Amino acid sequence: MASTGQVIRCKAAVAWEAGKPLVIEEVEVAPPQAMEVRLKILFTSLCHTDVYFWEAKGQTPLFPRIFGHEAGGIVESVGEGVTDLKPGDHVLPVFTGECKECRHCKSEESNMCDLLRINTDRGVMLNDGKSRFSIRGQPIYHFVGTSTFSEYTVVHVGCVAKINPAAPLDKVCVLSCGISTGLGATLNVAKPKKGSSVAIFGLGAVGLAAAEGARIAGASRIIGVDLNSNRFDEAKKFGVTEFVNPKDHNKPVQEVIAEMTNGGVDRSVECTGSINAMISAFECVHDGWGVAVLVGVPNKDDSFKTHPMNVLNERTLKGTFFGNYKPRSDLPSVVEKYMNKELELEKFITHEVPFSEINKAFEYMLSGAGLRCIIRMGA
């Protein structure tokens with residue numbers, strides 16, 4: 001391509017300050033260095049992780065910055081040493097990576113790459129410790145190695161999943177983060193059997209993806225647990241069959257669920273980050289075979305407390321990161337689930353805006369309106 005090896009000037013939504021509206025700016029995007037790929041982003045979407053770090057809650061602010069990590073695009077050019085991608089390939093950039101060389105990547109059980117594991121504090125590329133974005137000579141920080149709120153971005157090759165070119169990028173782009181996290185938590189970690197019962201704690205996008213996983217697995221009872229009863233009607237589209245609002249009961253929700261299910265559910269998936277929800281999710285599974293999976297990220301000072309007998313009575317507690325999917329190896333097969341109509345993504349997408357109106361996506365999420373908002377680049 002004519003732009004190969006050259007600086008590209010394009011539009012990007014830049015966060016100059018924490019919590020302030022993004023500003024559409026012309027940025028310069030440097031060419032990819034060794035083991036890097038420059039992507040043309042066609043569609044991106046907003047995730048709670050973007051909002052959390054944009055607000056800089058409890059974090060060390062790193063601004064100016066280009067956020068964004070759920071996206072779909074095509075490869076524009078590749079750096080030295082990149083052999084498994086070429087210009088024109090359709091891809092999903094991912095906030096975590098797969099170097100394929102470390103012990104985690106070589107393990108069949110782990111997806112937590114030593115080299116490319118998520119790092120929210122690093123705003124530069126691994127290769128040389130510098131940013132590939134600048135405005136009139138001023139460096140602009142990257143976000144989780146993806147920075148998809150830019151028409152072009154540079155990503156480490158290990159954070160790029162090559163997918164079926166027939167897959168519509170305006171749909172499968174949501175698989176770059178939350179939807180795959182919830183789906184994989186159920187299918188890859190909880191692993192409910194056909195006809196089993198599953199409780200889902202938290203009915204946001206990740207929790208509904210976990211419910212979607214339970215539906216795909218053939219669970220006969222999917223119990224949604226949320227403090228917001230307004231979410232219950234929407235959750236029915238994702239296979240949820242029953243609902244519990246803990247505020248409606250004068251006993252712990254784990255006791256309510258145990259009574260509903262003759263001793264507890266077979267599997268539970270926690271998607272809130274609330275330490276109390278985590279404990280309830282564990283204590284609501286059946287003794288002897290119950291498995292609870294934690295997905296939500298707790299506050300740093302939280303501690304998980306339960307009586308040891310809950311473990312000794314053969315309940316299993318597990319955690320998961322990105323649904324136990326290895327980005328490069330496994331995401332293409334998740335895309336195929338959508339292409340085969342096994343996985344339904346359209347129901348996660350509740351809004352769509354042009355790139356010029358990206359701040360509307362933040363307004364939708366902050367107000368709790370909808371699940372995922374697709375942002376059309378170049379519009």
Side-chain angles (χ1 to χ4, degrees), residues 7-20 22-56 59-73 75-79 82 85 91-99 113-161 173 176-177 322 327-328 355 358 362 375 377:
V7 170
I8 288 178
R9 289 177 175 82
C10 68
K11 288 187 172 68
V14 178
W16 290 99
E17 297 180 63
K20 297 292 178 68
L22 306 189
V23 180
I24 303 295
E25 304 273 15
E26 182 178 81
V27 299
E28 294 185 340
V29 185
Q33 295 193 9
M35 303 308 292
E36 295 174 358
V37 183
R38 188 160 59 184
L39 308 178
K40 181 178 183 179
I41 301 298
L42 299 179
F43 298 93
T44 186
S45 65
L46 183 66
C47 173
H48 278 285
T49 305
D50 297 306
V51 175
Y52 181 81
F53 285 94
W54 167 73
E55 292 178 323
Q59 308 296 322
T60 302
L62 201 59
F63 294 94
R65 202 170 201 182
I66 298 174
F67 286 96
H69 64 286
E70 285 190 350
V75 175
E76 178 272 336
S77 59
V78 302
V82 176
L85 290 171
V91 296
L92 301 180
V94 187
F95 67 94
T96 186
E98 181 185 354
C99 73
C113 177
D114 281 330
L115 178 66
L116 300 170
R117 192 177 305 187
I118 183 173
N119 185 330
T120 58
D121 295 325
R122 186 175 61 233
V124 295
M125 299 299 290
L126 283 172
N127 189 295
D128 59 358
K130 296 179 180 178
S131 174
R132 300 291 174 263
F133 297 109
S134 63
I135 297 178
R136 295 180 292 278
Q138 179 185 1
I140 308 296
Y141 289 114
H142 294 249
F143 178 65
V144 295
T146 51
S147 293
T148 61
F149 294 167
S150 174
E151 293 176 330
Y152 286 86
T153 188
V154 177
V155 182
H156 191 285
V157 66
C159 297
V160 180
C173 65
S176 288
C177 184
F322 193 49
R328 299 163 79 183
F355 187 41
I358 188 172
F362 282 76
I375 300 158
M377 307 302 287

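All of these numbers come straight from a predicted model, not from anything done at the bench. One is the number of the first residue; the rest follow in order along the sequence.
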(message) Could you tell me if the side chain of K130 sits less than 4.5 Å from the side chain of P139, heavy atoms only?
(response) no

(message) Any non-hydrogen side-chain atom of F322 less than 4.5 Å from a side-chain atom of I118?
(response) no

(message) Within the 4.5 Å heavy-atom criterion, are V7 and P31 side-chain neighbours or not?
(response) yes

(request) To the nearest 0.5 angstrom, please state how far the SG atom of C10 sits from the NZ atom of K40. (result) 10.0 Å

(message) Parallel, tilted or perpendicular: which one describes the rings of F53 and F143, with boundaries at 30° and 60°?
(response) tilted

(message) For a quick test of reading the model, state the closest non-hydrogen atom pair linking L126 to L115 and the distance between them.
(response) CD1-O, 3.8 Å

(message) Please check: side-chain N/O of R132 versus main-chain N/O of V154, any donor-acceptor pairing under 3.5 Å?
(response) no

(message) Quick check: closest heavy atoms across G97 and C113, and the distance to 0.1 Å?
(response) O-CB, 3.2 Å

(request) Kindly give the heavy-atom pair with the smallest separation between R122 and R65, and that separation in Å. (result) O-NH2, 3.8 Å

(message) I want to check something: taking the side chain as every heavy atom from C-beta on, are M377 and F355 in contact at a cut-off of under 4.5 Å?
(response) yes

(request) Starting at OG1 of T148, measure out to CG of L42 and round the result to the nearest 0.5 Å. (result) 11.5 Å

(message) Does any part of the side chain of I140, heavy atoms only, come nearer than 4.5 Å to the side chain of W16, both counted from C-beta?
(response) yes

(message) With a 4.5 Å cut-off on side-chain heavy atoms, are I358 and T44 touching?
(response) no

(request) Any chance you could measure C177, atom SG, to L92, atom CG, to the nearest 0.5 Å? (result) 12.0 Å

(message) Using 0.5 Å steps for rounding, measure from the CD atom of E70 to the CD1 atom of I375.
(response) 9.5 Å

(message) For the residue pair Q33 / D128, report whether a side-chain donor-acceptor contact shorter than 3.5 Å exists.
(response) yes

(message) Please report the interatomic distance CG(L46) to CZ(F67), rounded to the nearest 0.5 Å.
(response) 10.5 Å

(message) If you define the side chain from C-beta out and look only at heavy atoms, does anything of S150 sit under 4.5 Å from I41?
(response) no

(request) Could you pull out the closest heavy-atom pair between L85 and V78, with the gap in Å? (result) O-CG1, 3.7 Å

(request) Would you confirm whether E28, through its side chain, and S134, through its main-chain N or O, come within 3.5 Å as a donor-acceptor pair? (result) no

(message) Whether the side chain of S176 engages the backbone of P93 through a donor-acceptor N/O pair (distance < 3.5 Å, no angle test) should be reported.
(response) yes

(message) On a heavy-atom basis, which atom in F133 and which in S147 lie closest, and how many Å separate them?
(response) CE1-CB, 3.6 Å

(request) Please confirm whether the backbone N or O of T49 pairs with a side-chain atom of W54, one donor and one acceptor, at under 3.5 Å? (result) no

(message) So, taking the atom named CZ in R9 and the one named CD1 in I135, what distance separates them when rounded to the nearest 0.5 Å?
(response) 12.0 Å

(message) Considering only residues two or more places apart or on different chains, which pairs with a residue in residues 137-146 satisfy side chain to side chain donor-acceptor pair (under 3.5 Å)?
(response) S131-H142

